[in-house]
Amino acid sequence: MKTLDGEFIYEMDSSHEPVLEIDPGETVKVETLDAFGGQIKSKNDTLADLDMAKVNPATGPIYINSAKPGDILAVEIKDIEVKSPGVQGIVPGFGFLSNQYDEPLVTIHEITEAGINFGDLVLPIQPMIGTIGVAPEGEGVPCNTPGKHGGNLDTPDVRAGVTLLLPVFHEGGLFSLGDGHALQGDGEVCGVSIEVATSTTLKIESREKSIPTPMIDSEEEFITLGSAEQLEDAGRIALKAMIAHIVEETSLSSVEAYKLCSVASDLKVSQVVNPLKTVRVSISKDYL
Ligand code: CA
Ligand code: CA
């Protein structure tokens, strides 16, 4: 198994030279930093001292030998090992209620086998990857922003056991990931999850098929993701992609698929805090 450590980017961009090349179907273990770039180690480290140029690192990019523009990159997430401690807090000017909660605050959360220490509570560990994507079409996109290329999707379903499907825009895909969360709720309302460094194991291949937006293939569900400035627009991107997927997978017409979504799919908010918001639509595989 190949490993990748210590190579970071802060923007997903086709101009970046790949730091690892793999063959399709190869497994790779990637070390990722937390979203603060590992700059916060104790509650005495303040956000005021944060070097913003080192926030939101992604490890990569990885070149996948078979991937060509117009393909899908299929990223099977085999394992996400989270490292203790996790960091949370309030970043002034960031968060869904940033005008109400604007005092900087850093909290450090020990993570043990029992769970995440959160004051008097012990929360379950549900590891996920917040930022994961390929080099976008055209201009580079900062790692704090989601889009058609993936990026800062902050979607709890991006967890071990699923396959994330991403559109490929450039030869080799130029894939990277970072921003692990030990736990995140839908919305990620204060803008910060239990931010952790991870060792993430992935099996990556490409498929000769096109998709308009990132999708997740899990054992139970198929999920489409949309990102836009407004939640409604993000929801429409995800819903249109789901209708197209249902039409492709079943004998239903487009309007029948739309009606099926109204009764059998769930439209859920992934995050409301990034430069573009992310919404997902999920449907049970029983209906496909
Ligand atoms: Ca994030
Ligand atoms: Ca994060």
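Counting starts at 1 for both ligands and their atoms, following the listed order.
With sequence neighbours left out, Asn117 forms a side chain to side chain donor-acceptor pair (under 3.5 Å) with no residue at all. Evaluation of the side-chain contact (heavy atoms from CB on, under 4.5 Å) rule for Tyr101 yields Leu97 as partners, not counting sequence neighbours.
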Show the atom names and distances, to 0.1 Å, of all donor-acceptor pairs under 3.5 Å that link a side chain in residues 154-169 to residues at least two apart or in another chain.
residue	atom	partner	partner atom	Å
Asp154	OD2	Asn274	ND2	2.8
Thr155	OG1	Leu153	O	3.0
Thr155	OG1	Ser270	OG	2.9
Asp157	OD2	Arg280	NE	2.5
Asp157	OD2	Arg280	NH2	3.2

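Listed by chain and residue number, the protein N/O/S atoms under 3.0 Å of the Ca ion (ligand 2) are Asp179 OD1, His181 NE2, Glu195 OE1, Glu195 OE2, with waters left out.
In this structure, Glu21 does not pair ionically with Lys2, as no charged nitrogen and carboxylate oxygen lie closer than 4.0 Å.
Nearest heavy-atom pair, Glu110 versus Pro85, reported as atom, atom and distance to 0.1 Å: OE2-CB, 4.0 Å. Annotation for Glu11 and Pro142: closest pair CG-N, 3.7 Å, computed over non-hydrogen atoms.
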